[in-house]
Amino acid sequence: MNPVATHETFEHPALFYRTEQEYVDGTVSFVQDGLDVGEPVAVAVPGPNLELIRAGLGADADGVLLLDMTEAGRNPGRIIPGVLRAFADAHRRGRARIIGEPIWAGRSALEYPACAQHEALINAAFEGRPVTILCPYDAARLDAEVLADARITHPTIVARGTEQVSDAYDWRSVVARYNEALVPAPDAAVYSFGSDDLSAARAFAVGRAERLGLAGQRLADVELAVAELTTNSVVHGGGRGTLAVWAEAGQIVCEVRDAGRLADPLAGRRPPERGQIGGRGLMLVHYVSDLVRLHTADDGTTVRFYVTR
């Protein structure tokens with residue numbers, strides 16, 4: 001496999017593999033192709049796969065940034081700013097090359113919509129940039145729906161050493177399809193807030209999360225995230241909103257609704273430019289939580305985040 005681009009465009013192939021050997025062959029050759037032409041290379045994949053690549057590269061692994069995606073990208077919303085953009089922005093001279101495997105068999109159904117949107121939004125985040133990002137997919141273990149979405153979010157598919165153009169490529173449709181309406185749990189505690197209630201809203205969220213079993217730094221994370229979201233609601237979302245808090249499957253869930261509409265699909269995933277005012281709040285929520293789900297429509301926006309107890 002040699003999906004090397006010499007022009008100033010973004011390349012985003014998906015690698016479909018069925019065996020450990022196919023995985024090693026596809027990923028290691030991709031890394032070696034980059035190293036051979038002097039491209040900086042990063043690899044962010046789940047831990048066991050990371051060790052396969054490390055072993056396949058041998059001494060050449062020392063020249064590659066290796067990251068465990070189960071840690072660096074546990075929240076899919078952190079991957080673009082914290083992994084992909086962080087590496088590409090640090091290597092702006094020439095083409096950067098990255099392997100990113102954000103979807104693996106252990107991902108939950110709750111996490112998957114955010115993962116699929118992440119894969120779609122990579123195309124917007126890197127449009128026109130000299131970056132190549134290869135995304136491996138375990139075709140033997142992932143659901144058919146996941147593989148079908150990969151064909152929609154990636155312009156080319158590599159399988160068994162052959163690269164083909166995807167006739168299903170339409171990343172915007174995946175962003176829209178997983179912009180799902182979010183319904184709070186029936187037992188959620190709800191607090192309505194306005195511009196004079198921001199400190200009270202934070203206290204409400206912290207008190208409720210503490211009663212549901214959250215403590216220490218995780219409780220501080222909830223307070224920070226709620227502060228950012230409720231302030232955004234007051235400043236950009238019509239001046240007021242509602243906050244809901246509940247427990248679900250070992251996690252504390254917080255949700256903020258307001259009348260604002262997010263026009264930028266990369267909101268929260270696009271690092272703010274130097275000197276930019278605003279644009280950091282939603283990204284901060286991605287960094288302090290384990291998962292973020294977002295729904296935006298003409299009548300308002302809902303941001304829901306999950307913090308593990």
Side-chain angles (χ1 to χ4, degrees), residues 70-79 81-82 106-115 117-118 178-260 262 267-269 280-297 299-309:
T70 63
E71 298 175 3
R74 185 67 214 177
N75 179 349
R78 286 200 296 261
I79 299 173
R107 282 289 200 188
S108 69
L110 180 65
E111 295 169 320
Y112 179 69
C115 293
Q117 286 189 318
H118 156 77
Y178 289 109
N179 181 33
E180 302 167 328
L182 302 171
V183 180
D187 61 345
V190 179
Y191 182 86
S192 297
F193 62 89
S195 58
D196 296 330
D197 307 310
L198 294 179
S199 62
R202 292 196 303 272
F204 170 83
V206 170
R208 184 65 180 170
E210 190 171 27
R211 285 193 293 276
L212 292 171
L214 210 60
Q217 182 58 49
R218 302 266 62 190
L219 203 58
D221 291 339
V222 165
E223 182 175 18
L224 179 57
V226 167
E228 294 292 339
L229 293 177
T230 53
T231 299
N232 279 349
S233 293
V234 167
V235 176
H236 305 291
R240 59 187 311 103
T242 59
L243 166 66
V245 184
W246 68 94
E248 179 181 308
Q251 295 181 304
I252 303 304
V253 188
C254 297
E255 176 182 283
V256 174
R257 296 172 179 259
D258 59 42
L262 284 176
R269 304 178 193 238
R280 293 170 174 79
L282 186 54
M283 191 169 73
L284 183 61
V285 175
H286 279 290
Y287 274 92
V288 301
S289 61
D290 297 303
L291 176 67
V292 175
R293 295 292 311 281
L294 188 148
H295 172 71
T296 189
D299 61 349
T301 293
T302 302
V303 180
R304 175 181 295 179
F305 68 89
Y306 297 74
V307 175
T308 303
R309 286 185 286 206

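The first residue of the sequence shown is numbered 1, and numbering continues consecutively from there. Because only heavy atoms are used, hydrogens play no part in the values below, and waters and symmetry mates are left out as well, while side chains stay in.
Nearest heavy atoms, Phe193 versus Ala201: CB-CB, 4.3 Å. The two residues Glu248 and Trp246 make their nearest non-hydrogen contact at OE1-NE1, 3.0 Å. Considering all non-hydrogen atoms of both residues, Ile79 and Arg107 come closest at CD1-NH2, 4.4 Å. Scanning both residues, Val307 and Val222, for their nearest heavy atoms gives CG2-CG2, 4.0 Å. Residues Val288 and Ala225 share a closest heavy-atom pair of CG2-CB, 4.0 Å. Counting all heavy atoms, side chain and backbone alike, Ser192 lies closest to Asp197 at O-OD2, 4.5 Å.
Contact check for Asn232 versus Val303: no side-chain heavy atoms found under the 4.5 Å cut-off. Using a 4.5 Å heavy-atom threshold, the side chains of Pro81 and His286 count as separate. Looking at Leu243 and Arg208, their side chains never come closer than 4.5 Å, going by heavy atoms from C-beta outward.
Using modelled atom types, one finds a donor on one side chain and an acceptor on the other under 3.5 Å when comparing Gln217 with Asp221.
Looking only at distances, no side-chain donor or acceptor of Arg293 sits under 3.5 Å from a matching main-chain atom of Tyr306. Side-chain atoms of Tyr191 do not come within 3.5 Å of backbone N or O of Val245 as any donor-acceptor pair. Of the possible donor and acceptor atoms, one in the side chain of His295 sits under 3.5 Å from a partner among the backbone N and O of Glu180. Put simply, the side chain of Thr296 gets close to the backbone of Leu262: a donor and an acceptor are under 3.5 Å apart. No donor-acceptor pair under 3.5 Å is formed between the side chain of Arg202 and the backbone N or O of Thr230.
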Check your understanding: Leu282 and Leu229: side-chain contact (heavy atoms from CB on, under 4.5 Å), yes or no, with the steps?
Key -> CA-CA 7 Å; Leu282 186 54; Leu229 293 177; 4.1 Å; yes
**Study point:** Pair Gln117-Asn179, side-chain contact (heavy atoms from CB on, under 4.5 Å): steps then yes or no
**Key:** CA-CA 9 Å; Gln117 286 189 318; Asn179 181 33; 4.3 Å; yes
Exercise for review: Could you give me the CA-CA distance, side-chain angles and deciding distance for Arg257 and Val190, then say whether side-chain contact (heavy atoms from CB on, under 4.5 Å) is met?
Suggested key: CA-CA 11 Å; Arg257 296 172 179 259; Val190 179; over 6 Å; no
Exercise for review: Please report the C-alpha distance between Val256 and Phe305 in whole Å, then the side-chain angles of each, then the deciding distance to 0.1 Å, and finally whether the side-chain contact (heavy atoms from CB on, under 4.5 Å) criterion is met.
Suggested key: CA-CA 9 Å; Val256 174; Phe305 68 89; 5.7 Å; no
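Taking CG of Asp196 as the start and CZ of Arg240 as the end, the distance is 9.5 Å to the nearest 0.5 Å. Expressed to the nearest 0.5 Å, how far CE of Met283 lies from CZ of Arg269 amounts to 12.5 Å. Atom CD of Glu223 is separated from atom CG of Leu214 by 11.5 Å, given to the nearest 0.5 angstrom.
A salt bridge is defined here as a Lys NZ or Arg NE, NH1 or NH2 lying under 4.0 Å from an Asp or Glu carboxylate O, and Arg74 with Glu111 meets this definition.
Among Gln251, Arg78, Arg218, the single residue meeting the side-chain hydrogen bond (donor to acceptor under 3.5 Å, both in side chains) criterion with Asp290 is Arg218.
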